[in-house]
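Written out below as structure tokens is the structure these notes cover.
Order of appearance sets the numbers: ligands from 1, and atoms from 1 within every ligand. Everything quoted here is computed from the prediction, not taken from an experiment. One-based numbering along the sequence shown.
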Amino acid sequence: MQFMRIVIRIGGSVVASPPNPKLIQSYAEVFRNLRAEGYEIVVVVGGGARARQYIQLAKDIGLKEEEQDEVAISVSRLFAQLLSLKLGGLEWKSIPTSLETVSDLLNEKGIVVMGGLKPGMTTDTVAAMAASHVGAELIVKATDQDGIYTKDPKKYADAKKIDELSFDDLSQLMEQDKHMAGIHQIIDPEAIRILKKNRIKMIVVSGKNPENLLSVLKGEKIGTIIQ
Ligand code: UTP
């Protein structure tokens, strides 16, 4: 079967802000099932708005940017740890802090859950780096939107969902969006660069329903495919 080694990037917006116990449990269940079907999975959990709250707190006490990022990374790792413990109990309590550990753990366990890696990036970039490192050809991004739109759908009623686009189309769209809607970013541009260079495909789906992961892997056309 195609794409047996995959990276799943779960938005902080989906599981962390606000914390969603039901969803964390259903994701654990879906990952267990995917593992049983033979998939090898790296899950990268983001910190989202929750991480940004802590970045603000770190700023307010006078910490430097790199130090603020370390705090945000800890937030993403905390949610990664909750999911990891739910999957594997105390033996799975440690969240990898390097790509080398990710590949070792993936070979050993078949599922790895991680958060951020180092200051100055986002978990989109971590997911792209992890995919490239472990040789995954697909990243599924489960986020707070059901795909990529022509404009920010939260701000523009006439925004339309795009079913499929290239990385170049996406970069162009984000350039337009930057002028129209301020700082809204669909996918971190650094992540796009890594994905394009390594020919890794990304599918963006709504994270509110973990079953979407199963649909995507069955080849159903949901969300937005970027390749
Ligand atoms: P996230 O990747 O957690 O936020 O990074 P996001 O993209 O808004 O998350 P989702 O889509 O809701 O999950 C938040 C911030 O944490 C720091 C950066 O400051 C980043 O902007 N961070 C995160 C790092 O410095 N390094 C990392 O590896 C991850």
Region of K118 engaging ligand 1 - heavy atom pairs below 4.0 Å: backbone
Ligand-residue contact atoms, ligand 1 with A72, heavy atoms, under 4.0 Å: 16 (O), 17 (C)
Stepwise salt bridge (charged side-chain N to carboxylate O under 4.0 Å, His left out) test for K221 and D163: CA-CA 8 Å; K221 296 238 176 287; D163 293 332; over 6 Å; no
Would you mind running through ligand 1 and noting each atom that sits below 4.0 Å from a heavy atom of P119? 25 (O)
Indicate yes or no: does an N/O atom of A51 lie under 3.5 Å from an N/O atom of ligand 1? no
Check the surroundings of atom CD in E67: do more than 12 heavy atoms from other residues, nucleotides or ligands lie under 6.0 Å from it? yes
Report the part of R9 in contact with ligand 1, treating N, CA, C, O as backbone and CB onward as side chain, heavy atoms under 4.0 Å; options are side chain, backbone, both, neither. side chain
Where is the tightest heavy-atom contact between D146 and K161, given as atom of each residue plus distance? O-CD, 3.5 Å
Here the atoms of ligand 1 under 4.0 Å from any heavy atom belonging to G11 are 10 (P), 13 (O)
Mind checking whether K141 has an N or O less than 3.5 Å away from an N or O of ligand 1? no
Between D168 and K196, does any side-chain N to carboxylate O distance fall below 4.0 Å? yes
Relative to the heavy atoms of G46, which atoms of ligand 1 are at a distance of less than 4.0 Å? 3 (O), 13 (O)
Using a strict 4.0 Å threshold on nitrogen-to-oxygen distance, state whether D124 and K141 make a salt bridge. yes
Of all the atoms in ligand 1, which lie at a distance below 4.0 Å from a heavy atom belonging to G116? 27 (C), 28 (O), 29 (C)
For Q68, is the nearest heavy atom under 4.0 Å from an atom of ligand 1? no
Test side chain to side chain contact (heavy atoms under 4.5 Å, CB included) on Q227 and R199; report intermediate values, then the result. CA-CA 7 Å; Q227 58 191 341; R199 297 173 189 280; over 6 Å; no
Select one of side chain, backbone, both or neither to describe which atoms of I55 lie under 4.0 Å from any atom of ligand 1, heavy atoms only. side chain
Is it true that D169 and S166 share a donor-acceptor pair across their side chains at a distance under 3.5 Å? yes
Between the side chains of D188 and T122, does any donor sit under 3.5 Å from an acceptor? yes
Under 3.5 Å between some N or O of ligand 1 and some N or O of G12? yes
Where is the nearest protein heavy atom to atom 19 (O) of ligand 1: which residue, which atom, and how far? D69 OD1, 2.5 Å
For residues I162 and Y149: do they belong to one hydrophobic cluster (side chain heavy atoms under 4.5 Å, members Ile, Leu, Val, Met, Phe, Trp, Tyr)? no
Is the shortest side-chain N to carboxylate O distance from K109 to D104 below 4.0 Å? no
Contact (N/O only, under 3.5 Å) between S13 and ligand 1: yes
Hey, what do you get for CG (L213) to CD1 (I6), rounding to the nearest 0.5 Å? 7.5 Å
Ignoring angles and geometry beyond distance, decide whether G47 reaches within less than 3.5 Å of ligand 1 through its nitrogen or oxygen atoms. yes
Distance-only N or O hit between ligand 1 and M121, under 3.5 Å: yes
Run the numbers for me: atoms of ligand 1, each under 4.0 Å from some heavy atom of V126, listed by number. 28 (O)
Considering distance alone, does some N or O of T122 sit under 3.5 Å from an N or O of ligand 1? no
Which of the atoms in ligand 1, numbered in the order shown and given with their element, are less than 4.0 Å from a heavy-atom of G120? 25 (O)
In terms of side-chain heavy atoms, does Q68 have a donor or acceptor partner in Q56 at a distance below 3.5 Å? no
